[in-house]
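Index from 1, following the sequence.
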Amino acid sequence: GKCVGSRRSPSACHAVVSLGLDSFASAHYDGLVRSWDARTESSVAEVEACDGPLAGLAAADNFLVALGRDSLKFIDRRTLGTLAHVTHPDLKIRATVVRLAATPDTVAVPSATGHALLFDAKTGHCKARTRPPDDLQPLVALDLAPARRLLLTLDALTFLRLWDT
């Protein structure tokens with residue numbers, strides 16, 4: 001297709017997600033999540049997600065999840081208000097950009113500790129964590145297949161692993 005618009009971001013952007021037909025959100029190095037209007041190509045709102053660079057962003061039905069170096073922030077998609085701010089001892093991000101995943105029920109986050117952490121989307125509580133293999137490597141990406149209750153992880157050495165959740 002052809003490019004229908006462009007805009008330089010005010011800060012390095014590490015992730016972008018669609019919020020619907022005419023809007024999207026982006027996660028930035030300055031710790032902000034920005035909401036954009038695709039028709040006007042302008043930022044319409046911003047919220048501070050953490051006090052450092054954001055490494056990832058995911059969207060589900062009614063919320064966004066912004067990933068900082070050691071915390072998650074659940075954000076209401078309509079108001080951009082904070083729903084929850086979550087920390088966990090194994091939630092450590094060392095990569096500049098990682099891919100996390102969100103469904104209406106679960107948020108999955110890769111960690112530099114080699115664990116994949118599964119958080120309850122409604123409460124923010126960690127409900128499960130994968131046991132890292134002996135050849136422990138930081139995870140850099142993952143995805144959920146909720147219909148089959150499967151989790152796919154990718155580590156820094158490009159090993160793909162499939163987990164039953």
Side-chain angles (χ1 to χ4, degrees), residues 1-88 91-112 116-127 138-147 150-156 158:
K2 71 175 189 171
C3 179
V4 295
S6 64
R7 174 121 169 101
R8 182 170 297 279
S9 174
S11 170
C13 178
H14 294 211
V16 64
V17 295
S18 172
L19 297 179
L21 191 58
D22 294 323
S23 62
F24 59 95
S26 53
H28 295 265
Y29 193 78
D30 60 10
L32 297 177
V33 171
R34 291 180 171 86
S35 174
W36 300 84
D37 183 318
R39 293 168 297 187
T40 64
E41 300 176 20
S42 61
S43 175
V44 294
E46 57 186 38
V47 61
E48 186 174 352
C50 70
D51 60 0
L54 293 176
L57 184 68
D61 289 349
N62 297 318
F63 64 92
L64 298 169
V65 182
L67 176 62
R69 294 288 176 229
D70 59 4
S71 66
L72 286 173
K73 188 166 192 176
F74 289 72
I75 302 167
D76 184 287
R77 281 177 60 156
R78 290 173 283 110
T79 67
L80 293 183
T82 299
L83 298 172
H85 186 253
V86 177
T87 60
H88 187 278
L91 183 55
K92 303 290 181 210
I93 306 301
R94 300 293 175 256
T96 303
V97 180
V98 297
R99 185 176 187 296
L100 61 156
T103 69
D105 301 316
T106 303
V107 174
V109 181
S111 177
L117 304 171
L118 301 176
F119 293 91
D120 184 285
K122 292 172 182 44
T123 66
H125 294 285
C126 185
K127 60 183 184 178
L139 295 181
V140 295
L142 50 69
D143 204 0
L144 289 164
L150 295 175
L151 171 71
L152 176 68
T153 62
L154 174 67
D155 73 19
T158 67

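- For the pair Cys13 and Ser26, the tightest heavy-atom approach, listed with the atom from each and the gap, is SG-CB, 3.5 Å.
- Around OH of Tyr29, the count of heavy atoms belonging to other residues, nucleotides or ligands within 6.0 Å does not exceed 12.
- Nearest heavy atoms, Arg34 versus Asp30: NH2-OD2, 2.9 Å.
- Remark: Phe119 pairs with no residue by the ring-ring contact (aromatic ring centres under 6.0 Å, His included) rule, at least two apart or across chains.
- Judged by distance alone, with hydrogens and angles left aside, the side-chain atoms of Arg99 form a donor-acceptor pair with the main-chain N or O of Leu142 at under 3.5 Å.
- Distance check: Thr106 OG1 to Leu151 CG gives 10.0 Å after rounding to the nearest 0.5 Å.
- Between Val65 and the options Leu72, Val17, Leu57, a side chain to side chain contact (heavy atoms under 4.5 Å, CB included) holds for only Leu72.
- The shortest distance between side-chain heavy atoms of Trp36 and Val16 does not fall below 4.5 Å.
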Take Val107 and Phe63 through the test side chain to side chain contact (heavy atoms under 4.5 Å, CB included) and record every step on the way to the result. CA-CA 11 Å; Val107 174; Phe63 64 92; 3.8 Å; yes
Criterion side chain to side chain contact (heavy atoms under 4.5 Å, CB included) on Lys73 and Cys50, from CA distance to verdict: CA-CA 8 Å; Lys73 188 166 192 176; Cys50 70; over 6 Å; no
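- When side chains are defined from C-beta on, Ile75 counts as touching Val33, because their heavy atoms get closer than 4.5 Å.
- Side chain of Thr82 to main chain of Ala84: no donor-acceptor pair is present (N/O by atom type, distance under 3.5 Å, no hydrogens or angles).
- By the side-chain contact (heavy atoms from CB on, under 4.5 Å) test, Asp120 is found to be paired with Lys122, Thr123, Lys127, residues two or more places apart in sequence or in another chain being considered.
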Start with the C-alpha gap between Leu19 and Leu64, add the side-chain angles, then the distance that decides, and say whether side chain to side chain contact (heavy atoms under 4.5 Å, CB included) holds. CA-CA 9 Å; Leu19 297 179; Leu64 298 169; 3.6 Å; yes
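- To the nearest 0.5 Å, the span separating CG on Leu117 from CG on Leu100 amounts to 11.0 Å.
- Within the 4.5 Å cutoff, no side-chain heavy atoms of His28 are placed close to those of Leu54.
- In this structure, the side chain of Ser35 does not engage the main chain of Ala45 through any donor-acceptor pair within 3.5 Å.
- For Arg69 (side chain) and Ala55 (main-chain N/O), no donor-acceptor pair under 3.5 Å exists by modelled atom type.
- Taking SG of Cys126 as the reference point, atom NE2 of His88 lies at 3.5 Å (rounded to 0.5 Å).
- Residues Leu67 and Leu91 have side chains in contact (heavy-atom distance under 4.5 Å, counting atoms from C-beta outward).
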Applying side chain to side chain contact (heavy atoms under 4.5 Å, CB included), run through Ser23 and Arg39 and close with a yes or a no. CA-CA 8 Å; Ser23 62; Arg39 293 168 297 187; over 6 Å; no
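- With Pro110 as reference, Val98 is the one residue of Val98, Asp155, Leu154 to meet the side chain to side chain contact (heavy atoms under 4.5 Å, CB included) rule.
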